[in-house]
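Structure record follows, encoded as structure tokens.
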Amino acid sequence: MHSVVVHGHFYQPPRENPWRDAVDVEPGAAPFHDWNVRITHECYGPVSAARLLDAAGHVAGRVNLFEWMSFDIGPTLMRWLERHAVDVTQAIVSADRASARRLDGHGNALAMPYHHVILPLASRRDKVREVRWGLADFRARYHRDPEGLWLPEAAVDEETLVVLAEQGVRFTVLSPHQVRNPPDDGRPLRFDAGGGRQVALFVYDADLASGVAFGDLLHDGDLLARRLMPLVEEIPEARVPSSLTSLATDGETFGHHRKFGEMALARAIALLRAHRSVAVENYAAVLARMEPRHDVDLVSPSSWSCPHGVERWRSDCGCGATGRTSQAWRGPLRSALEWLAGELDARLGAEASSLFRDAEQAVDAFGGVAAGLERTYAAFVAGHLRAGADAHRAARVLDGVAARLAMFSSCAWFFDDVAGHETALMLRLAAYALDCAQAPMLEPELLDRLSRAHSNYPAAGTAADVYHRVASHPQLA
């Protein structure tokens with residue numbers, strides 16, 4: 001039996017105005033209110049009920065693709081979906097349960113760190129906190145322990161893998177250029193994390209992933225099926241079957257980036273399911289019977305979207321959405337936010353110690369309610385408070401910690417300019433973290449540092465100007 005795994009990484013940055021906990025109008029998403037609404041209409045909804053065409057091109061039914069593909073969904077996106085797209089949220093959770101029933105308890109959903117941060121650039125404490133929060137959020141939503149965890153941008157280094165192993169994560173997924181010894185049969189590699197712990201590393205097929213994201217593989221579901229597994233041996237492009245064929249790509253590829261892409265995937269999966277020697281599975285089910293045989297030779301640090309390691313999130317490496325602008329602003333932006341993080345950690349940490357019986361334990365455990373599960377929020381804060389401590393102030397401190405972590409979400413550096421929408425979202429979180437910390441005295445120094453990050457467009461100014469615009473917006477007061 002040949003295994004096929006298709007993985008979709010579904011993620012959106014935290015778009016909510018943190019002062020109002022609601023998404024402002026995003027003009028670029030017109031005619032929709034904001035990008036979350038638009039992408040739900042174009043992708044998340046269609047993927048949960050994809051139209052399935054028969055050989056004659058007629059709609060033969062609908063299929064919940066989340067039941068047949070491996071997937072992870074960022075906690076910040078799941079938080080929004082739970083509030084604004086209840087039917088989609090229910091379809092996602094139901095699909096994970098259905099896949100677990102079909103695959104001996106191995107559900108399709110993978111966890112993710114709570115925020116989409118580049119873990120190799122984070123401190124060890126932040127790595128641990130992001131992973132713990134992500135695992136807690138997963139358990140709250142799917143009501144089971146996750147087996148695997150998707151790394152944002154597949155960004156990895158050895159310390160990150162050690163943290164995963166310590167937190168009980170069994171596997172993650174990388175691209176071929178992130179290992180020096182990619183397997184030729186799809187079998188996972190092994191990372192020795194010490195202390196008798198290990199992490200399995202699945203390596204996806206880069207050619208397939210590129211063909212789906214940028215090529216013609218989503219033009220025709222039959223073609224995609226043949227590439228995933230040669231169903232007809234006479235087809236010239238058919239490849240010799242291996243133990244596992246897998247591809248991983250942004251989940252938004254299906255319907256948002258590539259219109260009707262979910263229909264091509266639905267057709268391909270239907271063909272694969274009908275083939276007697278093919279099993280459409282997930283990584284956890286494959287790992288249950290296909291243990292790693294060889295140790296990984298890891299490229300560290302590395303990521304799936306930057307051939308320069310993780311430079312896309314801290315330097316002018318040339319990677320960008322268009323490649324036609326300078327990214328000299330990336331270094332000063334990261335330096336400014338890292339300075340701010342150090343200052344916030346000192347202030348929020350000291351205040352947390354005065355408010356909570358065990359501040360580290362309270363903050364680490366906050367991931368279980370950070371997604372806005374209001375039914376447990378107040379009880380959580382009360383359960384960790386020192387006698388007589390101010391519960392309202394304690395909640396604000398925890399919100400400040402969450403915003404300080406979130407401001408490092410990868411979107412701030414990924415695109416072409418510091419004045420872009422995604423960078424503005426993260427600078428707004430930085431402003432909110434300062435507000436929660438009650439530390440306005442830090443703002444002048446922060447602005448001075450941000451002023452060194454210049455936009456490619458003179459009219460847009462610097463990161464300091466962007467900060468002024470988002471921190472003083474009348475809707476934020």
Side-chain angles (χ1 to χ4, degrees), residues 14 16 18-19 21 75-76 78-79 82 111-115 117 119 122-146 149 159-160 162-169 195 197 337-338 340-408 429-442:
E16 289 83 0
W19 283 270
D21 198 19
T76 55
M78 278 296 283
R79 179 180 190 266
E82 183 180 59
M112 199 194 85
Y114 191 85
H115 300 103
V117 301
L119 289 186
S123 67
R124 195 181 200 284
R125 186 178 73 168
D126 281 3
K127 287 182 174 74
V128 171
R129 189 157 288 165
E130 286 287 358
V131 171
R132 284 181 176 170
W133 282 26
L135 297 179
D137 183 85
F138 184 98
R139 294 184 185 105
R141 298 193 185 283
Y142 296 98
H143 305 290
R144 68 175 179 88
D145 287 328
L149 180 140
E159 184 176 74
T160 296
V162 170
V163 168
L164 296 192
E166 290 173 348
Q167 300 304 315
V169 175
R197 293 183 288 260
L337 292 185
E338 287 180 343
L340 177 61
E343 296 294 322
L344 289 173
D345 286 346
R347 285 163 173 77
L348 292 170
E351 195 167 3
S353 294
S354 69
L355 291 165
F356 297 108
R357 294 191 302 274
D358 185 326
E360 283 294 310
Q361 182 187 66
V363 173
D364 279 350
F366 186 56
V369 296
L373 303 174
E374 288 84 356
R375 60 186 178 273
T376 58
Y377 194 103
F380 174 87
V381 172
H384 288 269
L385 278 181
R386 291 182 182 274
D390 184 343
H392 175 74
R393 184 64 203 141
R396 287 283 282 170
V397 167
L398 292 173
D399 287 343
V401 171
R404 168 258 186 263
L405 290 169
M407 71 186 186
F408 285 103
L429 286 165
Y432 182 69
L434 270 176
D435 189 13
C436 290
Q438 297 179 338
M441 73 291 295
L442 298 177

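The pair Asp126-Arg404 counts as a salt bridge, with a side-chain nitrogen and a carboxylate oxygen less than 4.0 angstrom apart. Salt-bridge check for Asp137 with Arg79: failed, with every basic side-chain N at 4.0 Å or more from each acidic carboxylate O. Salt-bridge formation is not detected for the pair Arg347/Glu351: no Lys NZ or Arg NE/NH1/NH2 atom is positioned less than 4.0 Å from an Asp or Glu carboxylate oxygen.
Within the 4.5 Å cutoff, the side chain of Phe356 has heavy atoms near those of the Leu385 side chain. Residues Tyr142 and Met78 meet the side-chain proximity criterion, which asks for heavy atoms closer than 4.5 Å. Here the side chains of Val131 and Tyr114 are not in contact, with every heavy-atom distance at 4.5 Å or above. Considering only heavy atoms from C-beta on, Leu434 stays 4.5 Å or farther from Pro440 through its side chain. In this structure, Val401 and Phe366 have side chains that are not in contact, with every pair of non-hydrogen atoms separated by 4.5 Å or more. Under the 4.5 Å side-chain criterion, counting only non-hydrogen atoms from C-beta, Arg129 is in contact with Glu360. For the pair Leu398 and Phe380, the minimum side-chain heavy-atom distance is below 4.5 Å. Residues His115 and Thr76 meet the side-chain proximity criterion, which asks for heavy atoms closer than 4.5 Å.
Among all heavy-atom pairs drawn from Cys436 and Arg396, the shortest one is CB-O, 3.4 Å. Considering all non-hydrogen atoms of both residues, Ala111 and Pro146 come closest at CB-CB, 3.9 Å. Contact detail for Gln167 and Val128: the closest heavy-atom pair is NE2-CG1, 4.1 Å. Closest approach of Pro113 and Pro75 over heavy atoms only: O-CD, 3.8 Å. Between Glu159 and Ala122, the shortest heavy-atom contact is OE1-O, 4.5 Å. Taking all atoms of both residues into account, the shortest heavy-atom contact from Val397 to Leu348 is CG1-O, 3.9 Å.
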Going through the distances and angles, do Lys127 and Val117 end up as a side chain to side chain contact (heavy atoms under 4.5 Å, CB included)?
CA-CA 9 Å; Lys127 287 182 174 74; Val117 301; over 6 Å; no
Stepwise side chain to side chain contact (heavy atoms under 4.5 Å, CB included) check, Phe138 with Met112
CA-CA 8 Å; Phe138 184 98; Met112 199 194 85; over 6 Å; no
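Note: Trp19 and Tyr432 have perpendicular aromatic rings, judged against thresholds of 30 and 60 degrees for the angle between ring planes.
Taking OG of Ser354 as the reference point, atom CZ of Arg393 lies at 9.0 Å (rounded to 0.5 Å). Note that CH2 of Trp133 and CG of Leu405 are 5.5 Å apart. Values are rounded to the nearest 0.5 Å. Here Leu119 contributes atom CG and Glu130 contributes atom CD; the two are 7.0 Å apart, rounded to the nearest 0.5 Å. Here the straight-line distance linking atom CG of Leu442 with atom CD of Glu343 works out to 5.5 Å at 0.5 Å rounding. Note that the CG atom of Asp345 and the OG atom of Ser123 stand 7.5 Å from one another [nearest 0.5 Å].
Not a single side chain to side chain donor-acceptor pair (under 3.5 Å) links Arg357 to another residue, sequence neighbours left out. By the side chain to side chain donor-acceptor pair (under 3.5 Å) test, Glu166 is found to be paired with Arg124, residues two or more places apart in sequence or in another chain being considered. Partners of Thr160 according to the side chain to side chain donor-acceptor pair (under 3.5 Å) rule, which considers only residues two or more places apart in sequence or in another chain, are Asp157.
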